[in-house]
Every structure is written in C-alpha cells, then in structure tokens.
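Just so it is clear: chains get the letters A, B, ... in the order the sequence lines come, proteins before strands, and each one is counted from 1.
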Amino acid sequence: MHEIFNESVRKMEQRLAQATAELIKELYDEEPATDKIIIQKTRNEFKGDFTIVTFPIARFSKKSPEQTANELGEKLAERLEAIAGFNVIKGFLNLELSNDFWLDFVKNERNNADFGLAKDLEVEVPVVIEYSSPNTNKPLHLGHVRNNLIGYSIANILEADGYNTAKVNLVNDRGIHICKSMLAWQKWGEGETPEQAGMKGDHLIGKYYVMFDMAYKQQVNEMTQQGKSEEEAKKNAPLLLEAQELLKKWEAGDNETVALWRKMNDWAYKGFDKTYKRLGVDFDKIYYESDTYLLGRNIVREGLEKGILFKKEDGSVWADFSEEGLDEKLLLRSDGTSVYMTQDLGTAVLRYSDYNPHEMIYVVGNEQIYHFDVLSRLLKKLGYQWYGKVKHLSYGMVELPEGKMKSREGTVVDADDLMEEMITRAKETTQELGKIEGLTAEQAEKLYHTIGMGALKYFILKVDPQKNMTFNPEESIDLNGNTGPFIQYAHARIKSVMRKAKEKGASDEFTTIPSIHPREKVILKRLYDFRIVVKQASKNYSPALIANYAYELVREFNQFYQEVSILSAETPEQVGFRLSLSELTAGVIRNAMGLLGIEVPERM
RNA sequence: GGUCCCGUAGCUCAGUUGGAUAGAGCGACGGCCUUCUAAGCCGUAGGACCCAGGUUCGAAUCCUGGCGGGAUCACCA
C-alpha cells in the first residue's frame, strides 16, 4: 500500500507535466520538448503548492504568459482532482492542491520509519567507496575527519538512493614514511611502547615521525652550511639514506625490519580503531598497501614485457603519457621499490576482481586530482576496460582561520583531541542549561557524546565537499544557530511533545481538518521534498544538500512550533493532524541526520 | 607557464536540470518564557552576487575573456 502511494506522490510533478503537455497539444496543437514544461515547488511567499512556469509555453500559445497561465490553470483544475484551485502571477501558474492530498500524505507516511530511504535496490552490484586511507606513521587529523565523515555519509546516501555499497579502507602501511618513524624509534626509542608512554599507539608513532623530521632537517641544515646545495643535502642526508635502506630491506623481507614494522603498525591500527569507533565510521573491508603493492609491481612488470611501459637506463620503469598531453609517470624506482601509483594500480585491479563493482569511488583530497587522472589513464593503457568506473570524489582542504595547518608549526588539529574538546564543550553547555535532570550518569555521557559529535559532524558536512573550508574552532563549538545541536534540539522537543501527548491520552488519528495552516503547509512541502533531496545528494555525492535540507526543515518547524499549539489545538482532529505532522517531521530529521552519521536524542 | 577548483552581507556558508523581491547563521542593535524544552522565536541594520562581454522572454546560475585566491604538474604520499 505504501509503495503505491509513494509512487503517486513521487509522480505528482510528472502527472502535472504530462497533463500540461496534453493540454498544449489540444489547445495549441504543439508538442513541446519536455524541457519546456517546468514544474517547481511554489515559493513560500506565494499561495500554492506547485508552479508551472509559462514563459516557455507562451511561444506555443502565441498569447501572453499570463493569459496562457490562466488558460492552463482552468483546464488543469477541471481535469485533475488533486487541484483545488490556482492563481496566476505574471507568468507563474501557482496550483493549489487539495487538502486531502496533503492529509493523505501525512497519514500514509507518519508511521513509515524509512520514509525517504530506498527499500529496493536499483543496482545489484555494489558501489565501492574508499575513504579514510590513513598513513600508519601518524595519527588522524582534522583533514582525515572531513574525509571520513564525507565517505561514511556518501555511503549512507547512496544506500538511501537504492545502491548497494561496500565501504573500504586502504591503509598505507608501507613506504618511506613508515620507515622514517621506524628508524627514529630504533635510534632513540629505547624500546618505548604505547603502554609505557601512556599514549595511543598512533600518537606514539607520530612522535617518532616528528623526531625523524626534526633531526633530518638539522642534518640538511648542517650540510648546506658546509657548502652543499640544498637539493643535494636533502637527497643525501644520512638519515634519509638510512630510511631508504630500511625500505629496501623491508621490501626484501628482512626479518628484523619486518618484525619492527609489524609491531609499530599494530600500534597504529589499535589507535585508529579507537578513533574510528568514536567518530562512528566503519568499513566492510580493509585493504593493506603492503598486500597490494606486489600485485601492482607484477602488473607493471607485465606491462613492461608487453611494451606498454618502458624502462630507463637507470632501471626505473615509466608510463609515457606525452601523447595525451601529460608527462611521463614513474611506476618503479631505479632501486626497484614501489611508489604510490604502483600500489594504487594493484589495489584497483584487486578491488575490481573482489567486487565487480558498479563504480569505484575514491574519497581523496583535491590535491590528488592529477594522481587519479593518471591512474585512470594508466588502467586504460594497460587494457582494463573498466577504467571509466574509477571515480575520484575530491574534497577541499580544511584550513584554520590563521591559514593552513602546518605540522612544522604544530597547528595540526588532532582528531582525537578535537572530538574530546567537542564532547567536553557539549557537556559544559548541557550542564549550564540544566538539561540533565532525570538522566542517569550513563545517559548523560551518551548525550554529551551525541551532541558534541553532532556539532562536529554537522559543522563539517554542511559545507559542499568540493569547496575548501575554514574550520573555526570558536564557531565549531557553538551550539546555536545553523548547527547540529540546533537540529537535534528540534527533534528532542518533538519527542517531548509526543510524550506529553501520550500522558494526556491525545491520539494522532484524524480523518480531516477544515484547513491547513500556512506554517503547516510550508513543512508539508518540505517533507514531500525529502526523497528528491536524497536523490540529488546521491547524484552529486553531497552530504551538504542533506544537511542544509535538515536545517531548513527544522527552521520551518520551529516557526510552526512557536506560533501554533500542537496539544492545545481547537479540536481532537486538529491535535491528531499536528501530532502526525510532528511525528513525520521528527522521522525525517532522524533519517536525514542518520544519513550524515549524526544521532538525534530523545531529550536534551 | 599548462591543467583543475573556488570567488555571493564584516565573518562562515546556502542558493544544482536558467525562473518571481538573492537567503541563513555568527557578530551588532531591539523585542518575546503565568502556554507543548528560550540549545528556541520575531524584528532592525548590513549586497556593484569579482569584472567585462555573450546566449534569451529571463542569468548569482550557462558560454567566452580578464582579475583575485587555492591545488597540481616529484625516484613524496
């Protein structure tokens, strides 16, 4: 039953468009292209529900847009039962739907917990989404947070749009950067473990990475002072040579090196797991670069044998893209070790055979646009027909009000610290406002977490992924205005009304009401839109569309809440309708926020 | 320099198949708690939508050319 109703609602615009097309044929004997019939939601400042823009149609009617609108309005009102009236302003034909249309909508959806979330798969094979992709040489920072939140949310949104998804993580657990941390630990660590240091493992490794970097820079400095060029110093600093030696030993499978590598990576994984858990993200599968780089290396060697790739005199292997207007791209170093592209090639091929996916999405920062362009071209060159399925979902950098985060200057915002701070802030505010009355200590802690993380996630996700964003710590911990807690609060208030209704024995049942309040109509139109917004968000890979939708909905509901009494409405029928409307609103808030990975509390 | 992204209120951002008078939040100022949670609501002030052309009934939105900012073009990842 729901499905049938859903279909008819979803198709309201289509029905209007079709009827309009038929009328144009009858009245003016023209068959316009579908893009000439424009149906949109009527703006709130005008009376009506849907609007037909008649400027383009005037060319067929050979009358003024206004006359055309009147003519179409009359005929449409005659033909479609759902249309109760219309008005015309300039070339805009505003159609007013019957109250019953909206009342039926509410009746049918108020108890549908999955409103707006697809139940049927449109595509069987999964969309594989890679996100997070940490390096194991340092802890996660604010940039990773944005990455994780976007990736997790996009997966939710695609699921809501009827796709099957697989969330995967690719851990960059090998390479020169890890060797730097390893080397520093070997030299100066004196066997220190996370337990001894009282640090999360990822943070401990980060500490040694910083140590390496400082010592390395000092060496470079000394060498340049001794008259060497900076380039030469950077290339030949003893510490770097040692790290490179370690990488070679690692790739050769040297026991001691591999054992150290394993130990330190385990520390990192344990640390990451905690961060992911707190952040509320998860993965269906984890790929390790240490597994896939060999595959990549084999593919490169094959390509070399087939003559698709070429080798330079020093033994390094390259792909030539000069005919496509790009450069040559290194795939294997002269010492035979792998680079980033090598393993990404192997991972892509492995992943494709693992999933036979509909698409492979990579959530990776926009500084790697070129890298993914090359990856796709490389796959094509090597004969993988599915190269077009590789999609790079690039997102902008996160900057601080003072500018970019610089690890050198210690301005990198650590993910764990950040979450801690947000939750603490939520706790302070909640206690100040005296909102924990009647909660157990455990419930209160849960609430602080929900609010703090809600604030953080919303703050980041409300910005279009493509754009660079400024992370202002002051603003991010604000819990008023266009924020996550603002939306959570609206949900909690609705739930509170529901509890009061239950106490009073008020029912959400109703058959009909004499009129729909303008504040109610605004909400109804917004709720009706949810499914379309989910589709748009999916198509555009944009959690921001969902976030902004939720905000608009809540703002409109708050206006209604302020101006119109729900439980003290004139008649039980009115109460029933308003309760139903509120219930449906709460459900949409919950589902929308759920798509962003944000929980909504029952009370706050 | 080549390629890509961005440019909307003092600040942070919406505005997406081109549509009506360009909207929010923060900040500033002024109101609203004997009534469902004031983490809320209402009002005032604040705009050459970077600039110049073009496309058309109509452009913040599309096209071209500038200007400004960012990214990238490594035997880094």
From [atom1] of [X] over to [atom2] of [N], roughly how many Å is that when rounded to an integer?
{"X": "A:Tyr551", "N": "B:C41", "atom1": "OH", "atom2": "P", "answer": "7 Å"}
{"X": "A:Lys329", "N": "B:A77", "atom1": "NZ", "atom2": "C1'", "answer": "10 Å"}
{"X": "A:Tyr458", "N": "B:C13", "atom1": "OH", "atom2": "P", "answer": "13 Å"}
{"X": "A:Tyr549", "N": "B:U16", "atom1": "OH", "atom2": "P", "answer": "17 Å"}
{"X": "A:Asp529", "N": "B:A14", "atom1": "CG", "atom2": "C1'", "answer": "15 Å"}
{"X": "A:Ile477", "N": "B:U12", "atom1": "CD1", "atom2": "P", "answer": "18 Å"}
{"X": "A:Phe459", "N": "B:C13", "atom1": "CZ", "atom2": "P", "answer": "8 Å"}

Using a heavy-atom cut-off of 4.0 Å across all strands, would you classify [X] as base, sugar-phosphate, or nothing?
{"X": "A:Ser568", "answer": "nothing"}
{"X": "A:Ala58", "answer": "nothing"}
{"X": "A:Val564", "answer": "base"}

Using the [atom1] atom on both, measure [N] against [M] and round to a whole Å.
{"N": "B:G54", "M": "B:C13", "atom1": "C1'", "result": "30 Å"}
{"N": "B:C6", "M": "B:C42", "atom1": "C1'", "result": "36 Å"}
{"N": "B:U21", "M": "B:C33", "atom1": "P", "result": "37 Å"}
{"N": "B:G47", "M": "B:G31", "atom1": "C1'", "result": "26 Å"}
{"N": "B:A22", "M": "B:G46", "atom1": "P", "result": "14 Å"}
{"N": "B:G23", "M": "B:G15", "atom1": "P", "result": "15 Å"}
{"N": "B:U8", "M": "B:U44", "atom1": "P", "result": "25 Å"}
{"N": "B:A14", "M": "B:A52", "atom1": "C1'", "result": "27 Å"}

Taken in chain and number order and not counting sequence neighbours, the residues that satisfy salt bridge (Lys or Arg N to Asp or Glu O under 4.0 Å) with A:Glu328 are A:Lys312

In chain order, what residues pass the salt bridge (Lys or Arg N to Asp or Glu O under 4.0 Å) check against A:Glu45, with sequence neighbours excluded?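 For A:Glu45 the salt bridge (Lys or Arg N to Asp or Glu O under 4.0 Å) partners, ignoring immediate neighbours, are A:Arg43.
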
Side chain to side chain donor-acceptor pair (under 3.5 Å): pairs with one or both residues in residues 56-65 of chain A, sequence neighbours excluded
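Passing the test, one end in residues 56-65 of chain A: A:Ser61-A:Thr68, A:Lys63-A:Glu71, A:Ser64-A:Gln67.
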
Sorted by chain and residue number, the side chain to side chain donor-acceptor pair (under 3.5 Å) partners of A:Gln431 (sequence neighbours excluded) come out as A:Tyr448

Taken in chain and number order and not counting sequence neighbours, the residues that satisfy side chain to side chain donor-acceptor pair (under 3.5 Å) with A:Glu232 are none

Contact list (N/O, under 3.5 angstrom) for nucleotides 18-20 of chain B vs protein:
| residue | atom | partner | partner atom | Å |
| --- | --- | --- | --- | --- |
| B:A20 | OP2 | A:Arg43 | NH1 | 2.6 |
| B:A20 | N6 | A:Thr51 | OG1 | 3.1 |
| B:A20 | N6 | A:Asn94 | OD1 | 3.2 |
| B:A20 | N1 | A:Asn94 | OD1 | 3.3 |
| B:A20 | N1 | A:Asn94 | ND2 | 3.4 |

Starting the side chain at C-beta, find the nucleotide from [options] nearest to [X].
{"X": "A:Val497", "options": "B:C13, B:C11, B:U37", "answer": "B:U37"}
{"X": "A:Ile176", "options": "B:C73, B:U37, B:A77", "answer": "B:A77"}
{"X": "A:Val463", "options": "B:A14, B:A74, B:A24", "answer": "B:A14"}

task: Return each pair, listed once, that meets salt bridge (charged side-chain N to carboxylate O under 4.0 Å, His left out) where at least one residue sits in residues 542-566 of chain A; pairs must be two or more places apart or across chains.
output: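 Sorted result for residues 542-566 of chain A: A:Arg519-A:Glu563, A:Arg526-A:Glu552, A:Arg526-A:Glu556, A:Glu552-A:Arg555.
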
So, is [X] close to the [N] phosphate, meaning a side-chain N or O under 4.0 Å from OP1 or OP2?
{"X": "A:Gln559", "N": "B:C42", "value": "yes"}
{"X": "A:Arg555", "N": "B:G25", "value": "no"}
{"X": "A:Arg59", "N": "B:C57", "value": "yes"}

If we call it a pair only when both distances are under 3.5 Å in a Watson-Crick or G-U wobble match, what pairs with [N]?
{"N": "B:G58", "answer": "none"}
{"N": "B:C26", "answer": "B:G10"}
{"N": "B:C41", "answer": "B:G31"}
{"N": "B:C4", "answer": "B:G70"}

Residues 473-504 of chain A vs ring-ring contact (aromatic ring centres under 6.0 Å, His included), sequence neighbours excluded, gives A:Phe486-A:Tyr551

| Taking the six-membered ring of A:Tyr395 as reference, does the NZ or CZ atom of A:Arg146 fall below 6.0 Å from its centre and within a 45° cone about the axis? | no

Cation-pi, A:Tyr561 ring and A:Arg493 (6.0 angstrom, 45 degrees): yes

Discussion item. Is B:C33 syn or anti, taking syn as a glycosidic angle within 90° of 0?
Written reply: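 You should classify B:C33 as syn.
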
Partner set under side chain to side chain contact (heavy atoms under 4.5 Å, CB included) for A:Ile24, not counting sequence neighbours: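 Side chain to side chain contact (heavy atoms under 4.5 Å, CB included) check on A:Ile24 returns A:Thr20, A:Tyr28, A:Glu30, A:Pro32, A:Ile37, A:Ile57, A:Phe60.
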
key: Any donor-acceptor N/O pair, A:Thr342 side chain to A:Tyr293 backbone, under 3.5 Å   =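 The answer is no, because no donor-acceptor pair under 3.5 Å joins these two groups.
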
Atom NZ of A:Lys234 with >12 non-hydrogen neighbours under 6.0 angstrom:
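It does not: A:Lys234 NZ has 12 such atoms or fewer within range.
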
Whether the side chain of A:Asn472 and the base of B:U12 hold a donor-acceptor pair under 3.5 Å is what I'd like checked.
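Such a pair does not exist between side chain and base.
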
State whether A:Arg333 and A:Glu251 are salt-bridged, where the test is any N-O pair (Lys NZ or Arg NE/NH1/NH2 against Asp/Glu carboxylate O) under 4.0 Å. no

Polar-atom pairs under 3.5 Å, protein N or O versus N or O of nucleotides 2-6 of chain B: list them with distances, or write none.
| residue | atom | partner | partner atom | Å |
| --- | --- | --- | --- | --- |
| B:C6 | OP1 | A:Gln466 | OE1 | 3.3 |

For residues 456-464 of chain A, run the donor-acceptor check on the side chains, cut-off 3.5 Å, and write out each pair with its distance to 0.1 Å, sequence neighbours left out.
| residue | atom | partner | partner atom | Å |
| --- | --- | --- | --- | --- |
| A:Lys457 | NZ | A:Leu279 | O | 2.9 |
| A:Lys457 | NZ | A:Gly597 | O | 2.7 |
| A:Tyr458 | OH | A:Asn482 | OD1 | 2.6 |
| A:Tyr458 | OH | A:Ala547 | O | 3.3 |
| A:Lys462 | NZ | A:Asn482 | O | 3.1 |
| A:Asp464 | OD1 | A:Gln466 | N | 3.0 |

Pick out the pairs of N or O atoms, protein on one side and nucleotides 38-40 of chain B on the other, that lie under 3.5 Å.
| residue | atom | partner | partner atom | Å |
| --- | --- | --- | --- | --- |
| B:A38 | OP2 | A:Arg493 | NH1 | 3.1 |
| B:A39 | OP1 | A:Lys435 | NZ | 2.7 |
| B:A39 | OP1 | A:Tyr489 | OH | 3.0 |
| B:A39 | O4' | A:Asn480 | OD1 | 3.3 |
| B:A39 | O3' | A:Asn480 | OD1 | 3.1 |
| B:A39 | N6 | A:Thr430 | OG1 | 3.3 |
| B:G40 | OP1 | A:Gly481 | N | 3.1 |
| B:G40 | OP2 | A:Asn480 | OD1 | 3.3 |
| B:G40 | O3' | A:Asn558 | ND2 | 3.1 |
| B:G40 | O2' | A:Arg493 | NH2 | 3.0 |

